[in-house]
There are 2 protein chains.
Amino acid sequence: MSNNDTFIQKLRCSGLRPTKQRIKICKTLFDRNNTFHFSIADLAKILESKSSRKISLATIYNTIHSFKKKGYIKEISITSDKNYYDTNVSNHHHFFNESTNELIDLHDDDVEKVRLKKTLPGKKIKSIEILVKIANNK
Amino acid sequence: MSNNDTFIQKLRCSGLRPTKQRIKICKTLFDRNNTFHFSIADLAKILESKSSRKISLATIYNTIHSFKKKGYIKEISITSDKNYYDTNVSNHHHFFNESTNELIDLHDDDVEKVRLKKTLPGKKIKSIEILVKIANNK
DNA sequence: CAATAGATTAGAATATTTCTAATCTATTTT
DNA sequence: AAAATAGATTAGAAATATTCTAATCTATTG
């Protein structure tokens, strides 16, 4: 259980002003035991339910974008109508269960290193991401 | 160079009515030599420029969705603000050049088979997709 | 060839994302 | 320590993107 001061410190350290809105969003995202997969809509709904004063959607977007830029969350794109963010920013991949729309982390250790036979001269590789789409067996 | 009749046949075979709108969209997507990576906005712009009668955006969405469902095109999600479709529906992966926003096919043969060390009981794997993000070397 | 059932289109409604003027925060000046 | 200032942040409004559904079109049947 982190208290607000922890978040205030961390925000300040990374050059983000610790506003009421950001602290509330930090608590929602990071004050939990497990990694959290969420869409903007999910987050907005949670914030709405736990908070008396409404945080505008624009602010939620702003905050998520700045947290992403700082590397506190990671964006995961699966289909055009499901854009998720992930509080687990370590190097990892994903299972996506098409039957349930559930997203499951797949650790880097769970996959043998990807080997490319093709290289592109003059380019550097920034990341290699694997998405394994699965479905329930009937 | 395919003529309209080819598309009319193919649409009819797959249970889609060969309407004017769908034939125009088929010509734009499939009457070309190379595989085509596009967003809805790209497609709308092209259709607008080559066609006197405007096809509504809603119809473009409908058509792309039904073509996707029939397996004529594939959806590729890269970031929340870039959703592409691909006329190459064969099993393949992608390079995405972050410097230029360019999307490049990476054939299945160009990657050593991905081996998962972790399995999920009761689930079947539908697809494994790799996205390699690259950038220009300065 | 008219009637009918059902598929398709596209305007309207809704949802999502971005823009920017007003507000707030932190720093500097007095 | 308060006021002034610069610049960051918020959130309403504007812009974009997507979906819904009534009206239209297509194909089939009699």
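In what follows, chains carry the letters A, B, and so on, assigned in the order in which the sequence lines appear, proteins first and then strands, with residues in each chain numbered from 1.
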For residues 7-14 of chain B, dump all side-chain donor-acceptor pairs below 3.5 Å to protein atoms at least two apart in sequence or in another chain.
{"unit_1": "Ser14(B)", "atom_1": "OG", "unit_2": "Lys10(B)", "atom_2": "O", "d": "3.2"}
{"unit_1": "Ser14(B)", "atom_1": "OG", "unit_2": "Leu11(B)", "atom_2": "O", "d": "3.1"}
{"unit_1": "Ser14(B)", "atom_1": "OG", "unit_2": "Tyr72(B)", "atom_2": "OH", "d": "3.0"}

Under a plain distance cut-off of 3.5 Å, with no hydrogens placed, do His92(B) and Asp108(B) share a side-chain donor-acceptor pair? no
Nearest heavy-atom pair of His37(B) and Ile76(B): which atoms, and what distance? CD2-CD1, 4.3 Å
Whole angstrom value for the distance that separates P of dA17(D) from CD1 of Ile40(A): 17 Å
Asn101(B) versus Lys82(B): any side-chain heavy-atom pair under 4.5 Å? yes
Would you say Lys54(B)'s side chain and Leu47(B)'s backbone share a donor-acceptor pair under 3.5 angstrom? no
Rounded to the nearest Å, what distance is computed from the CD1 atom of residue Ile8(B) to the C1' atom of nucleotide dA27(D)? 14 Å
Please give, in whole Å, the distance from dT16(C) P to Ile64(A) CD1? 15 Å
Protein within reach of the bases, or only the backbone? For nucleotides 8-16 of chain D, mark each nucleotide 5' to 3' as B, S or -, using heavy atoms under 4.0 Å. SSBBB----
What is the distance, to the nearest angstrom, from the NZ atom on Lys82(A) to the P atom on dT19(D)? 11 Å
In residues 109-121 of chain A, what donor-acceptor pairs under 3.5 Å come from side-chain atoms, sequence neighbours left out?
{"unit_1": "Asp110(A)", "atom_1": "OD2", "unit_2": "His107(A)", "atom_2": "N", "d": "3.0"}
{"unit_1": "Lys117(A)", "atom_1": "NZ", "unit_2": "Asp109(B)", "atom_2": "O", "d": "3.4"}

